[in-house]
2 protein chains.
Amino acid sequence: MDTPSLSTLGQHLQSLRKAQGWSLSQLAAAAGIAKSNLSRLEQGNGNPTLDTIWRLAVQLKVPFGTLVAPIAVPLGEDGVEVRLIDQGKESPQVDAYWMRCAPFTTRVAEPHTPGARGSLTLISGHLEAGPEGDTRRLAAGDTLTFAADRAHCYRTSDDWATLLVSVVYHGESHR
Amino acid sequence: MDTPSLSTLGQHLQSLRKAQGWSLSQLAAAAGIAKSNLSRLEQGNGNPTLDTIWRLAVQLKVPFGTLVAPIAVPLGEDGVEVRLIDQGKESPQVDAYWMRCAPFTTRVAEPHTPGARGSLTLISGHLEAGPEGDTRRLAAGDTLTFAADRAHCYRTSDDWATLLVSVVYHGESHR
DNA sequence: ATAGAACGTTCGTTAAAAGGAACAACGAGA
DNA sequence: TCTCGTTGTTCCTTTTAACGAACGTTCTAT
């Protein structure tokens, strides 16, 4: 496994810069780094320092993580990538996930503990989701709540899908 | 302006490592970096390379940005912290936010573009939220959808609140 | 045309990040 | 007690990222 696709960083860096109307020289000056440095980075060579990345992120006004790990992150084997965003500690417990599914993939999730409910918001793309046998087709912006204590699935057809999922575990303690 | 508090990175790095039961030597070996390197980083000195950060993030299983900008990020002046999780690029456009409010704070959000709708899931704590004059009290796990093209607010009383918010901009292009 | 200013690239030098070995400190077992 | 293994730190060395200047280009204005 290698670094987060150095070339990807370069491309992303460049597209962000151009999108904001900066020239390479300008951005380098504003960020306080040598333009030779920035040039090399955009070409996909090089392995920038935290300090360098940070300065660029500030000037480009991106949340930092966005700069280095563009949306196109490594997917899991099954074409689905899941990231835990946050976890509530109180009762009822709530887990929040960010999720991305490649086209033509199906992900079947095991039932959670009894009483658990899921809530889903589609950020982009199209998705068919819900308890098995009772799925719904969703478009960007749609939300869906469903019983998470039964097997449920996420299925894409010819489009990607990015979504937010939160699971609420009713009942005292489920772990 | 200086780098993202190198010392903060160090502390966070160390707490993450210990939380997962790694020893410094183990983690360094697993990540494929010299332990002298990791040691120096945890002490707050040094300015790690993207490659180094990446390898550590992978082993610690954190979304990378989390490593350098820890969860307990500085709250805004108003006691509210907001993080952009993701942005859809298609139509309708959808923005996804993670948000955390300190006790006894009120955040009033400007109306978004006409037709915009908001969707909210409370991850932990208690919160009163919604369009002004039509707010609802929410507990962990509750969800709420509301018209986002009117001024709306988020208010906590004696408890913290962590939530997921997504905004759907209906209409062709709103920017 | 022609001087000027900006663009982005390539080069050699320098500063510093990463590597590697030696180190003292601590705990577990024989 | 004494050894062995592991902890995390501190050196010194090697590698390399960042710098700064020079370069060829392109475009504009005189």
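Below, chain A is the first sequence line, B the second, and so on; all start at residue 1.
Side chains of B:Y97 and B:L164 form no contact here, defined as non-hydrogen atoms less than 4.5 Å apart. Residues B:P103 and B:D158 form no side-chain contact, since every pair of their non-hydrogen atoms from C-beta on lies 4.5 Å or further apart. Considering only heavy atoms from C-beta on, A:L24 comes within 4.5 Å of A:S39 through its side chain. Counting heavy atoms from C-beta on, the side chains of A:L38 and A:L56 come closer than 4.5 Å.
Evaluation of the salt bridge (charged side-chain N to carboxylate O under 4.0 Å, His left out) rule for A:R17 yields A:E42 as partners, not counting sequence neighbours. When the ring pair (Phe, Tyr, Trp, His ring centres under 6.0 Å) test is applied to B:F146, the partners found at least two apart in sequence or on another chain are B:H152.
Within the structure, the salt bridge (Lys or Arg N to Asp or Glu O under 4.0 Å) test picks out no pair touching residues 23-34 of chain A (sequence neighbours left out).
Here D:dA18 is the nucleotide among D:dA17, D:dA18, C:dG19 with the atom lying nearest to any side-chain atom of A:T52.
Computed from coordinates, the B:L50 CG to C:dA17 P distance equals 15 Å when rounded to whole Å. With rounding to whole Å, B:N45 atom CG is found 14 Å from D:dC11 atom C1'. Going from atom CG of B:L56 over to atom C1' of C:dA17 covers 14 Å, rounded to whole Å. When the P atom of C:dG19 is taken as reference, atom CD1 of B:I33 falls 7 Å away, rounded to whole Å. Nucleotide D:dA18 holds its C1' atom 11 Å from the CG atom of B:N47, rounded to whole Å.
When the local axes at the two ends of the helix from C:dA1-D:dT30 to C:dA30-D:dT1 are compared, using 5 base pairs at each end, they differ in direction by 10° after rounding to 10°.
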Distance-only donor-acceptor pairs under 3.5 Å for side chains of residues 135-144 of chain B, two or more places apart:
from	atom 1	to	atom 2	distance (Å)
B:T135	OG1	B:E128	OE2	2.8
B:D142	OD2	B:A139	N	2.8

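An OP1 or OP2 oxygen of C:dA17 is reached within less than 4.0 angstrom by no side-chain nitrogen or oxygen of A:T49.
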Legend entry - Contact state string [nucleotides 3-10 of chain C, B base, S sugar-phosphate only, - no protein heavy atom under 4.0 Å]: ----SBBB
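B:L38 comes within contact range of no nucleotide atom at all, as no heavy-atom separation falls under 4.0 Å.
Expressed to the nearest 0.5 Å, how far CD1 of A:I33 lies from CG of A:L41 amounts to 6.5 Å.
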